[in-house]
Structure formats: C-alpha cells, structure tokens
Amino acid sequence: MTFTSPTTRTSPAVSTETAIAAAVATVERNTATLGAAYPDDTTTDNRYHPRPAHGSVPEGGNRGWTTSFRTGQLWLAWELTGNDVYRQAAEADVADFGRRVRDEIDLDTHDLGFLYTLSAVAAHRLTGDEVARADALLAADHLMRRFLEPAGVIQAWGDLSDPLQRGRTIIDSLMNMPLLTWAAEETGDERYSDAVRRHTAQLEQNILRPDDSTFHTFYWDAETGAPLRGATEQGAFDESCWARGQAWGVYGFAMNYAVTGDERLLAAARRCAEYFLRHLPADGVPFWDLVYTDGSDAPRDSSSAAIVVCGLLELAQVETDAARAAEWAARAHTILASLIAKYTPATPEDADGLILHSVYDLPKNVGVDEATLWGDYFYLEALMRVARPEWKKYW
Ligand code: GLY
C-alpha cells in the first residue's frame, strides 16, 4: 500500500482564525451536501458519503458510535459563528438522538457516552433543552446497565451475554464517563459518580502498563471481578501501543481526574502524555501505532493528534504543577500548528475532511489514510480551545 505523505507539504503559517474559517466552511459544505443523512465513520477517497443502511436502519441513519461527532461539529460551528443554521442542524440531530434512545436503536455499546454527550448533553448545556436532558439521562441509564459487579467496570462492546465481549473494556471508555458525571450532577444520584470512580480506577490499575503505554482493551472475569489480560483490537499487536488509545488516555484520565479528584488519574494522564510525546515523529503527528517511528512508511493517524491536542490542553488546565502545565500547553500548540500546516486539505474543495490522513482500523483495512468524523470533531474542538480559551467543553 502507498500513502500520500503529509510531510512533503509546505504551507505558509496559517492563523488559528484562518484555520477556523476554512474548517467551518467545510462543515457548511458537508451540511449542505448531506442534509439530514449522517456521514459514514470515515471518508472514502476523502469524500463523506451517507452511512450505509444496516438492518432496520436506512442509509444515512443514526447508528454506530460516530454520528454525534457530526452533531458536535455543528454545535462548535454555531458557537464559533453565531450562525443559527448550525444550531438548527444540531437540534435536528439532537431530536433524532432522542428517537434513537427511546426506540432503543443500536444501544449495546459503551459509546453512548460519545453519542449523547456531543448531542443531547451539549444541547442541554448550550440551550437548556429539557427534552434533550431527559434523553441524555435515559442514555446514561442504558450505559449504567453495562456496569459489571464485582469487577466495577463498564463493558465496552456487545450484548452483555456475548461470551467474546463479556468483562471486556477498552481505553476509549474513559471518554464515555462524562455522560455519567453529567447525570450525577443533574440528578444528585451517586450511582453514576461511583461507577465513574470505580471504572476509571480499574483502568488506571490495569490498562496502563508499567512503561506508561496502554493496552487498547482489557478483560476482567465477569464472575469474580479478577483482572485477566490485555489485548488489542485496532493496534499493531497486543503489546503495542495503539496511538489513538494513548490519546484517549491523555484526555480521558485528565478529564476524569478533574471530576473525581483521584490523584492517580492525574499521574496516569501525565504518564500517557509523556509516552505519547516521546513516540512522536518529527512533525508531531503520530503513526497509527506508536511502535512506528520516523522513517516508517506506515500511515499516520492525524485524529490521534487532534485528540491529544485537546487532551494536553485539558491536562494543562487541571495540572497542579505550573511548569508542567506550560509544557503541556506548548506541546499542544506545536502539534496543532503541524495539523493546520500539513494535514488540512491544500484546497478545501478537494476534500470533505477538516483534517486528512487518519486511520480508523488498519488491521481490518477500514478507513486507512482517510478523514474521520472524530478527527474532524477534535480538530475543531482544538481550534476552539486555542482561539476561545473561555470555551466550556461539552464533556
Ligand atoms: N472508539 C473507537 C476508535 O477510536 O476507533
């Protein structure tokens, strides 16, 4: 396989505001092109198409784990521009997410956190939408059904009786905890916050390895609660360090430290960040797995870079050591500058992605060297964080 090399592009320095204008113009074009249809997880040849029909869900319908990243982009575009076209499009998605949870369509996943935080929770935070609040609480209750006793973890994938997935969680789950944290804040029900505290402590103990890298996934014995073994699903091999997983670790441990006050999570976020930064190639955008380094012809995963920019900026906010906080923020700015200069389309009309050169799942050859909905979302969130430091996150 050959991949287009992002590193050969040379672009003049572009200001954050110019980058925002280009990104929002692409969001506007994608909204006009796709209308209410949700795009697929990734582009095909750099173009987003409606997600394929599956089972009872028609083409362009709301299924899978990534549809809310379109909604999140619309909320960000509304906040950045004040243009109500984006709010109306976001609200149409939010109503559809309400239908999805009430009709129980494709809910057997921990990704309810990604899905409902960027849709219904964001709607409630930004506009006070009470229907969205009720729908988000319903989604949080579905997520709580995945909490396994005595292990104290939320099962990531599949039906709870599926023997292949039983007792398994994954590092990405850290990003699904904010739905439960929000539900705890809204209702005062400590069941939600206890689940966050126990799940994140289990990940800190077992998914983070002694060398500060992370397993993608980890199994617990569902009957005894004993930790069993790490394994990968999207990484190069079980003991490798999947780049996006490490990026989820930076952002997820930092955010969950802020709400639990568990100092081990701050240490975990720092360790994830240091490992990630130590394994970056010269341009600051990782290969899809951190076993690859400069000189490799493996594809990059720009989505991991966008996530880690947000994660480092979050870590800088919660960091208790001022010098370290300054360092996290500086590294985030450098990586973002590289994304802007080398990973955005040279001509915006040439591609539907806000950033190019991401990888969804290389072992399964899905979405390799394409734009991704989450890469685009976190790139826009990163721009928002840098351009509007007072911005309040949806998580
Ligand atoms: N949460 C799935 C992924 O990052 O690919």
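Counting starts at 1 for both ligands and their atoms, following the listed order. Residue numbers start at 1 and run along the sequence shown.
- In terms of polar-atom proximity, defined here as any N/O pair under 3.5 Å, D172 does make such a contact with ligand 1.
- Against a heavy-atom cut-off of under 4.0 Å, Y360 is close to the following atoms of ligand 1: 5 (O).
- Electrostatic pairing of E223 and R166 counts as a salt bridge here, judged by a charged N lying under 4.0 Å from a carboxylate O.
- In terms of protein heavy-atom proximity, atom 5 (O) of ligand 1 is closest to R244 NH2, 2.5 Å.
- At least one N or O atom of W248 sits closer than 3.5 Å to an N or O atom of ligand 1.
- Within the 6.0 Å centre-distance limit, the rings of W374 and Y360 are counted as a close aromatic pair.
- When ring centroids are compared, W182 and Y116 stay outside the 6.0 Å threshold.
- At under 3.5 Å, not a single nitrogen or oxygen of W242, backbone or side chain, sits near a nitrogen or oxygen of ligand 1.
- Using a cut-off of 4.0 Å between Lys/Arg side-chain N and Asp/Glu carboxylate O, D283 and R300 are scored as salt-bridged.
- Backbone and side-chain nitrogen or oxygen atoms of Q234 are examined, and one is located within less than 3.5 angstrom of a nitrogen or oxygen of ligand 1.
- Between E314 and R385 there is a salt bridge, since at least one side-chain N of the basic residue sits less than 4.0 Å from a carboxylate O of the acidic one.
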